[in-house]
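Beneath this line is the structure, given in structure tokens, with notes to follow.
Hydrogens, waters and symmetry mates play no part in the numbers below; they use all other heavy atoms, side chains included.
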Amino acid sequence: MNQLIDALNLLGGNLALDENEHDGLESVLTGRQDVIASLESEMVLAQQTLNNLIQRRNEAHRLLLSASGPSSSTKKVIRKVIAEKEVALNGLHQEISDIQCELDRLLGATNSTLQHEDSPIDTDVASIPVEGLSDSEYRPAEVNLCQERLHHLMHQRDEAQDILEAHKAVLSPIRKIPTEVLAEVFVHCITNERFISPSLTSPPLLLTSICSTWRNIALTTPGLWASILVDVSGHCYSPPISVVKTWVERSGSSPLTFRITENGGSIPTERGTQSPLSAVLDIFIPHHSRWRNIHLIYKDYFTVQTGFMTLPEDASFPCLESVYLERGYWMEQRDVDRITTMILSAPRLRNVSWISQKPYSSLVFPWTQLVHFNLGHIIPMREGLHILSSCPHLKSLELILILPVGPPPPPNRNETTVGSVTHYNLERLVLHTAGSLGKLFDKLTLPHLKHLSLDAINGIFPTPPPQQYDMSWPQAEFISFHERSECAIELLSLTEIEIASGDLCETLRRIPSSLQELSLCNEHRRQSYINDDILHALTFHLPPDDEVRELVPLSPRLKSIKFWGCISSSDGVLARMLESRWIPLPVASPLTQLNTVMLGMSKDPEHWEDWAHIKRLNEKRMGITSIPLQ
């Protein structure tokens, strides 16, 4: 009523409203009601957060009192008790030793049937005949008396030992650590794992089984429960859904990181069948405001209900930083629209992976926010360059590109032309391509590029592809790109790329001081370009005694090498190169020692020396993986 009066006052108190004034009044009322509803919703959320914080504070105070160390006066009393019990324990040990000696004397030193301290004494000693003793010398009553006395002393010893250990535990240094510090230590136990798979043998569940104090601290530390990995196989869940619910409840108000992976698909019996993954996603939906990193992999391709439709239309995602969505095809555009709303309502979103045949153009992305983008379906080079130019802060990009082939097509007035792209932040570029790589290199300038990975998707064909899909290495275009960019490439990976041995050697010479990882794979097409010349150039040779200059090999900072299906060297040359960079040298050298090596080559008589030598190198220092290829 007050709102109505206020609205009428705005209209000058005139109750005779025309249609425009009536619509204006309704608009005012609707707007104010929306504001009130929004404020009430925020008040409820704030009250819930306040209640959680108060509960956590009270629990922390209680734990602090229970886990804090004893006072100085209490410590004195405890130390006195410890000293007394140690004296009493020593006395009990002496009495037990004396009683055992007495029993040995009564039973005969060579045939005593008494079970000593390490074994229980269950035998009725009085009923056992003893050789070498006459009836007058063998006194069962005394034996029984000694046995009973020994049992009593052992019981006293065990009690004294328990009391002593309990009092020493009270003075343990771990009890001096404040609860907050111990909780922080617990959290650091799991920081290396982005998604935690619940297990009784690893944190955080392991921390709950040590003692009651640690259990209470672990259960009241929300950060320990803010990450979880769930595997879905059919309608079997690991961990069970009940565990997932408890896990989320324990996370309190901490930002959530979760991964839900379907490990197999099934064909539904009717349209509208719910995806098994969505049953787990429903647990996280009410906590959408706490989502930080979400990773969802759907393998049940035919289901319609994915779980996203249960998200509120006006949901906000203030904590969301990373989204990974993998699904063959999204059947419902409504799901895609809800996902678009999610990523546009996430001001902190930086990483997006869209692995689907559903075109990325069906969504809207906050390009200027993104630092990492991964697209899982094929797009033309023009669109790839457009994505790159639209993301000024991008550091990592993964795309599947169809590159131009042959002469450039005639200009199309209706098609936007994308020129050369210079990007000053991109550090990692992973491309699966078909077509002319040279045309792509001509378009790019990437001054900060460190990781370059190129995979020819046409390389899976067993026979040479048609000329228009030629993926030979564009040496001149790459050199021009590298000189123009002046980038320090640290990782170079070429998969199914046709490159001549001389071009590869020249490419490595162009990036001598920065390259740390080199991966060359041609498993399908088996182009053997790793020959003697390249391996000799990569081999470190100690200089003769009469020479001062150092013989620096190609890529002296290499730490990792992968040669797969591309080795055609003479027997022994590969192993000698590895030895020169694998075994620590007795003298200082400009060489960085290799850490990992992966080799895939034929195991035939042509490489017997290599295989034997590599085995000896592994015996000296593990880390070389060699797989025979058929």
Side-chain angles (χ1 to χ4, degrees), residues 194 351 353 371-375 384 388 391 394-401 421 423-433 437 440-441 444-457 459 471 473-475 477-499 501 503-523 527 529-530 534-535 537-538 540 552-567 577-578 581-582 590-600 623-625:
R194 187 179 185 187
N351 304 324
S353 294
V371 174
H372 168 81
F373 185 68
N374 180 10
L375 186 60
L388 185 58
C391 303
L394 206 63
K395 291 188 176 181
S396 174
L397 179 63
E398 299 183 39
L399 297 175
I400 305 175
L401 296 180
V421 176
H423 200 290
Y424 291 98
N425 289 314
L426 193 70
E427 298 179 357
R428 179 175 178 268
L429 181 61
V430 179
L431 299 177
H432 307 272
T433 64
L437 276 172
L440 177 64
F441 282 135
L444 293 176
T445 302
L446 306 173
H448 288 90
L449 187 67
K450 297 179 181 179
H451 177 142
L452 178 60
S453 179
L454 303 173
D455 180 2
I457 56 177
M471 277 297 294
W473 178 250
Q475 184 70 5
E477 289 86 347
F478 175 79
I479 291 175
S480 177
F481 157 76
H482 187 262
E483 291 178 346
R484 183 172 63 251
S485 300
E486 297 182 343
C487 53
I489 297 177
E490 297 178 0
L491 183 149
L492 178 62
S493 176
L494 304 179
T495 302
E496 310 299 338
I497 303 290
E498 294 184 9
I499 183 169
S501 300
D503 289 345
L504 175 60
C505 199
E506 177 63 21
T507 298
L508 296 180
R509 292 187 193 279
R510 293 277 172 175
I511 46 177
S513 60
S514 61
L515 191 63
Q516 299 180 28
E517 299 181 52
L518 177 62
S519 176
L520 304 171
C521 301
N522 272 72
E523 184 174 0
Q527 186 193 8
Y529 45 76
I530 301 297
I534 290 181
L535 293 177
L538 288 170
F540 177 67
V552 181
L554 275 182
S555 307
R557 296 185 60 193
L558 269 182
K559 297 179 181 179
S560 175
I561 285 178
K562 180 180 180 180
F563 294 157
W564 205 268
C566 55
I567 300 172
M577 184 277 291
L578 293 177
R581 309 184 71 137
W582 187 255
L591 203 65
T592 299
Q593 195 176 50
L594 285 174
N595 291 330
T596 58
V597 174
M598 290 190 66
L599 302 172
I624 303 177
T625 301

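- Contact check for Leu504 versus Ile530: side-chain heavy atoms found under the 4.5 Å cut-off.
- Distance CG/Leu397 to CZ/Arg428: 9.5 Å, rounded to 0.5 Å.
- The two residues Ala537 and Cys505 come nearest to each other via the heavy atoms CB-SG, 4.3 Å.
- The two residues Leu492 and Leu494 come nearest to each other via the heavy atoms CD1-CD2, 4.1 Å.
- Residues Cys521 and Ser519 come closest through the heavy atom pair SG-OG, 3.7 Å.
- Residues His451 and Leu491 come closest through the heavy atom pair NE2-CD2, 3.4 Å.
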Q) So Leu558 and Thr592, side chain to side chain contact (heavy atoms under 4.5 Å, CB included) or not? Walk me through it. A) CA-CA 6 Å; Leu558 269 182; Thr592 299; over 6 Å; no
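- Atom-to-atom distance recorded for Glu498:CD and Asp503:CG is 12.0 Å, nearest 0.5 angstrom.
- Under the 3.5 Å distance criterion, the side-chain polar atoms of His482 are left unmatched by any main-chain donor or acceptor of Ile489.
- Nearest heavy-atom pair, Pro474 versus Leu437, reported as atom, atom and distance to 0.1 Å: CG-CB, 3.7 Å.
- The distance from atom CD of Glu496 to atom CG of Leu454, rounded to the nearest 0.5 Å, is 12.5 Å.
- Here the NE2-CD1 distance, from His432 to Ile457, works out to 9.0 Å after rounding to the nearest 0.5 Å.
- A 4.5 Å side-chain heavy-atom check between Val597 and Phe563 finds every atom pair outside the cut-off.
- Between the side chain of Ser396 and the backbone N or O of His372, no donor-acceptor pair lies under 3.5 Å.
- Between the side chain of His448 and the backbone N or O of Tyr424, at least one donor-acceptor pair lies under 3.5 Å.
- Taking the six-membered ring for Trp and thresholds of 30 and 60 degrees, Trp473 and Phe441 have ring planes more than 60 degrees apart, a perpendicular arrangement.
- Heavy-atom contacts from other residues, nucleotides or ligands closer than 6.0 Å to CD of Gln593 number more than 12.
- The structure places CG of Leu594 at 9.5 Å from CG of Leu538, a figure rounded to the nearest 0.5 Å.
- Atom CG of Leu399 is separated from atom OG1 of Thr433 by 11.0 Å, given to the nearest 0.5 angstrom.
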Q) Given Phe478 and Ile499, is the side chain to side chain contact (heavy atoms under 4.5 Å, CB included) satisfied, shown in steps? A) CA-CA 12 Å; Phe478 175 79; Ile499 183 169; over 6 Å; no
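- You'll find the side chain of Trp564 stays beyond 4.5 Å of the side chain of Thr495, heavy atoms only.
- Contact annotation: the side chain of Asn351 approaches that of Val371 to within less than 4.5 Å [non-hydrogen atoms, C-beta and beyond].
- The shortest side-chain heavy-atom distance between Pro553 and Met577 does not fall under the 4.5 Å cut-off.
- Between Cys487 and Leu446 the shortest side-chain heavy-atom distance does not fall below 4.5 Å.
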Q.
Please evaluate residues Arg509 and Leu554 with respect to the criterion side chain to side chain contact (heavy atoms under 4.5 Å, CB included), reporting the C-alpha separation (whole Å), side-chain torsions for both, the decisive distance (0.1 Å), and the verdict.
A. CA-CA 6 Å; Arg509 292 187 193 279; Leu554 275 182; 3.3 Å; yes
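- When all heavy atoms are compared, the tightest approach of Thr445 to Ser485 is CA-OG, 3.5 Å.
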Q) Would Arg510 and Glu483 satisfy salt bridge (Lys or Arg N to Asp or Glu O under 4.0 Å), going step by step from the backbone distance to the final call? A) CA-CA 9 Å; Arg510 293 277 172 175; Glu483 291 178 346; 2.7 Å; yes
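- A donor-acceptor pair under 3.5 Å is formed between the side chain of Ser501 and the backbone N or O of Tyr529.
- A salt bridge does not link Glu490 with Arg557: every distance from a Lys NZ or Arg NE/NH1/NH2 to an Asp or Glu carboxylate oxygen is 4.0 Å or more.
- A donor-acceptor pair under 3.5 Å links the side-chain atoms of Arg484 to the main chain of Leu444, judged by distance alone.
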